[in-house]
Amino acid sequence: MTRGSGAGHASHVIARIEPPWDTATWRAAARAALRAQVPPERIDWSGGAQGSLLGGTDLALLPAIRDTPRVPSEFLAVADAALCHRAPDRHGLLYRMLWRMAGDEPSLLQRAADPDVHRARTLAQAVRRDSHKMKAFVRFRAVPGADEEYVAWFEPEHWIVDRVAPFFARRFAGMRWAIVTPYRSALWDGQALAFAGGGTRADAPAEDAHEDLWRTYYANIFNPARLNTTMMRSEMPQKYWKHLPEAALLPGLVREAGVRVREMAEREHQAPRRRIPAAPAAEPVQADTLAALRVAARDCRRCPLWQPATQAVFGEGPDDARTLIVGEQPGDEEDLSGRPFVGPAGRLFARALEELGIDRSTLYLTNAVKHFRFEPRGKRRLHRRPDVAHINACNGWLRAEIAQVRPERIVCLGASAARAVFGPGVRLSEERGIWRTREDGVRAFATVHPSWVLRQGDADAQAVAYRGFVDDLRRLAEDAGTVPSHR
Ligand code: URA
């Protein structure tokens, strides 16, 4: 039998893909058409809308005359994305490619200049971009009167809700949320993902208390010296600005940029400081309160440390604390209790604070790495320092905590904390006890880690190390006003 002779006698075959975002229906239809050897030009993918005057055979009625051909997995990935595009020709285009690959062009995808390949890749790329925007720009708003329920309104360009919703289910597994779009809504009840019809902007609460935090956060991270409005618009098209509470700030920030750059330059002129390299870029964390961050961190899989650990140990303390303390990582007791600084190092730190008249309950205590890294030794779990990769992977959480708490000052305990707060290149031996100003304007200094004090060989060495530690922390006490300043 020659190719294309098996499709019966009808002039064309009708394929119905409903709803239009249903990728599984297209896959089943394409498989059936291939097995029935229907050539691309004989399929009406509009569900009969185009050729209805002529009639046509329903695809589902055609007998299979060959096995399903194998297609490269790369094609499946391109097709999965391209199928979410709104372009009406996508179904026909992808079927034509399938047909060609199942025929005598198995390497079709490698021919980048082929018009079909080029078009499919362009559609897939547009869908990936739209998906990325949805991940970046969806903002949940608390439902008034409901306990931890959030709704977001979003207007995607393409049919991407089903594609992107699982990302939000993983990222915000601990809360109940809905994302409403004009054509479809995704709903997560804390256990399972469900889909419903579309809605309107009015289905999402207009504004909630957290939005002030978004605005403040944005005003803080906005660096006028880097202002490039053309690039900003291409990275964050204006279409999306309206969903962002912080967008209301943009015109003002842009207008003031010139003045702010001058001010920045003058500030740097008056008080020359050693350059602090920017902290390493980390995947940003999406959650708009400390409580939401804490919940999201429970499911963190950004590095493998979550696996052997009991739980993520998130920061704790007042969410408007003026001082934020960063340690290295939870130890054995912290891992079991889920609270930072409750083990031997935490107790030593508490003693030093007490000596300096600093009320521990006023501090926000957290760590550079949120999971305990250890090596099992019999029944014991021996602490292991986190690698740079762990610190970097965890940095999104720390940044988000700093953005939420907005402390006046940060104290880093140990080299890992200093790296997380100041970025690579910082040397504890050189930086110890010296206040620096970070790019976000928060002042910070680093000292040794209390567990380093505890690790000193004998009692004398430990006493010396402890005095040094307390002396460093005196800078914090002076700054916070619990002891008089000697400067
Ligand atoms: N060491 C840390 O750095 N953090 C803790 O929470 C406990 C010990």
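The residues of the chain are indexed from 1 along the displayed sequence. Just so you know, ligand 1 is whichever comes first in the structure, and atom 1 is the first atom listed for that ligand.
- Looking at heavy atoms from C-beta onward, I402 lies in side-chain contact with L324 at the 4.5 angstrom threshold.
- Not counting sequence neighbours, the partners of R121 by the side chain to side chain donor-acceptor pair (under 3.5 Å) test are E74.
- For ligand 1, the atoms lying closer than 4.0 Å to a non-hydrogen atom of E328 are 2 (C), 3 (O).
- Residue contact annotation: L413 has no non-hydrogen atom under 4.0 Å from ligand 1.
- Atom numbering of ligand 1 starts at 1 in the shown order; those under 4.0 Å from a heavy atom of P340 are 6 (O).
- Here the rule is side chain to side chain donor-acceptor pair (under 3.5 Å) with Q329, and of H383, H371, E334 only H383 fits it.
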| request: Would you sort out whether D130 and K133 count as a salt bridge (charged side-chain N to carboxylate O under 4.0 Å, His left out), showing the intermediate values? | output: CA-CA 5 Å; D130 202 29; K133 301 286 182 217; over 6 Å; no
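- Remark: D189 engages no residue in a salt bridge (charged side-chain N to carboxylate O under 4.0 Å, His left out) (not counting sequence neighbours).
- For atom 2 (C) of ligand 1, the closest non-hydrogen atom of the protein is Q329 O, 3.0 Å.
- Remark: ligand 1 and G327 share no N or O pair separated by less than 3.5 Å (distance only, no angle test).
- By heavy-atom distance, the residue among R347, E334, R339 lying nearest atom 7 (C) of ligand 1 is E334.
- Only the side chain of H449 comes within contact range of ligand 1, with a heavy atom under 4.0 Å; no backbone atom does.
- Scanning the protein for heavy atoms near atom 4 (N) of ligand 1, the closest one is N367 OD1, 2.6 Å.
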| request: Show your reasoning for whether salt bridge (charged side-chain N to carboxylate O under 4.0 Å, His left out) applies to R373 and D387. | output: CA-CA 10 Å; R373 186 182 196 205; D387 293 340; 3.0 Å; yes
